[in-house]
Amino acid sequence: MMENSIVLSVVDIGNTEDLSFVKRAAQLYQELVSKGAAIGWVDPPSTEEVTCLLRELAIASDKGNACLIAAWVGSDLAGIGCWRRYNRPTHRPHADIEKVAVDPRYQGHGLGRRLMNHLISAAVDAGIEVLTIDFRGDNERAAKLYKSLGFIEYGRLPRFVAVGTARYDKMFYALDLR
């Protein structure tokens with residue numbers, strides 16, 4: 001994969017009528033979850049679930065409270081991720097990164113790092129003070145990436161994430177942008 005063939009952009013999710021993007025996002029999430037990826041779903045999400053997520057993000061984005069970033073390699077949706085401001089009034093200066101996913105065909109080429117850097121940059125531009133992210137404790141690749149970007153661990157809930165009979169720690173990381 002050529003470095004210069006990757007295009008990262010903020011997605012204008014105000015128009016969820018873009019069924020092509022919705023379909024591609026749903027397929028990416030479905031494929032990853034079916035292979036055991038920890039993105040917040042136990043079973044692959046339906047296209048309707050992803051559509052609802054994108055609609056929620058569109059509403060929040062219109063108010064400056066969310067940002068969705070897509071990474072493209074040619075016409076392939078190679079990665080996706082978003083951040084959302086916290087709803088609680090005392091937490092409004094802060095946002096949580098969610099649903100970060102990279103197509104397996106493009107993993108291991110720095111795309112996750114570029115996607116995270118773009119999310120961080122968009123958060124800085126939006127005046128976010130602290131970015132948080134949580135993830136399943138067995139995702140050592142994610143932990144290594146987040147630490148290398150300056151995130152620090154601020155908490156852990158042992159055996160909190162339930163996937164069938166398996167239990168995993170839930171990790172909490174934060175990046176202070178002030």
Side-chain angles (χ1 to χ4, degrees), residues 1-14 18 21-22 24-29 31-33 35 37-41 50 53-54 56-58 60-86 91-156 170-178:
M1 177 175 63
M2 298 296 296
E3 185 76 16
N4 59 5
S5 67
I6 300 169
V7 175
L8 285 99
S9 61
V10 173
V11 178
D12 178 7
I13 49 180
D18 182 358
F21 179 77
V22 171
R24 289 176 183 189
Q27 289 171 338
L28 177 58
Y29 285 136
E31 177 185 359
L32 289 167
V33 172
K35 293 178 178 176
I39 313 173
W41 291 286
V50 175
L53 169 67
L54 294 177
E56 289 173 13
L57 288 169
S61 176
D62 284 345
K63 299 175 183 173
N65 295 327
C67 181
L68 178 67
I69 304 289
W72 299 91
V73 175
S75 62
D76 290 340
L77 177 61
I80 190 170
C82 66
W83 58 254
R84 283 194 243 204
R85 282 188 194 269
Y86 284 94
H91 297 164
R92 296 290 299 150
H94 316 300
D96 192 49
I97 293 178
E98 304 174 356
K99 306 293 187 215
V100 176
V102 174
D103 185 311
R105 295 175 296 165
Y106 302 107
Q107 291 176 2
H109 298 280
L111 186 58
R113 174 175 301 284
R114 289 188 61 185
L115 184 59
M116 287 296 296
N117 278 327
H118 213 76
L119 286 165
I120 292 165
S121 178
V124 168
D125 291 347
I128 300 298
E129 294 180 10
V130 176
L131 270 176
T132 60
I133 191 165
D134 63 77
F135 58 97
R136 202 168 74 190
D138 66 328
N139 194 343
E140 294 172 11
R141 232 169 127 177
K144 183 178 177 182
L145 172 62
Y146 303 147
K147 285 179 186 175
S148 75
L149 293 169
F151 283 81
I152 58 166
E153 181 180 334
Y154 71 91
R156 173 190 305 242
K170 182 173 184 176
M171 309 300 296
F172 297 93
Y173 278 32
L175 178 64
D176 194 328
L177 301 173
R178 295 175 277 202

Verify side chain to side chain contact (heavy atoms under 4.5 Å, CB included) between F151 and I120, making sure each step is shown before the conclusion. CA-CA 11 Å; F151 283 81; I120 292 165; 4.0 Å; yes

Given L68 and V10, is the side chain to side chain contact (heavy atoms under 4.5 Å, CB included) satisfied, shown in steps? CA-CA 6 Å; L68 178 67; V10 173; over 6 Å; no

Tell me whether [X] contacts the main-chain N or O of [Y] through its side chain, where contact means a donor paired with an acceptor under 3.5 Å.
{"X": "R92", "Y": "Y86", "value": "yes"}
{"X": "D76", "Y": "A78", "value": "no"}
{"X": "Y29", "Y": "A101", "value": "no"}

With salt bridge (charged side-chain N to carboxylate O under 4.0 Å, His left out) as the test, would you mind laying out the steps for K35 and E31 before giving the verdict? CA-CA 6 Å; K35 293 178 178 176; E31 177 185 359; 3.0 Å; yes

Point-to-point distance, once rounded to the nearest 0.5 Å, from [atom1] of [X] to [atom2] of [Y]:
{"X": "H94", "Y": "W83", "atom1": "NE2", "atom2": "CH2", "value": "13.0 Å"}
{"X": "Y146", "Y": "N139", "atom1": "OH", "atom2": "CG", "value": "6.5 Å"}
{"X": "K63", "Y": "R85", "atom1": "NZ", "atom2": "CZ", "value": "13.0 Å"}
{"X": "E56", "Y": "N65", "atom1": "CD", "atom2": "CG", "value": "13.0 Å"}
{"X": "I133", "Y": "E98", "atom1": "CD1", "atom2": "CD", "value": "9.5 Å"}
{"X": "L131", "Y": "L177", "atom1": "CG", "atom2": "CG", "value": "5.0 Å"}

Heavy-atom check, side chain of F21 versus side chain of I80, under 4.5 Å: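 Yes - at least one pair of side-chain heavy atoms lies under 4.5 Å apart.
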
Stepwise, does the side chain to side chain contact (heavy atoms under 4.5 Å, CB included) test hold for L77 with D103? CA-CA 8 Å; L77 177 61; D103 185 311; over 6 Å; no

Can you check side chain to side chain contact (heavy atoms under 4.5 Å, CB included) on L32 and Q107, steps first, answer last? CA-CA 12 Å; L32 289 167; Q107 291 176 2; 3.9 Å; yes

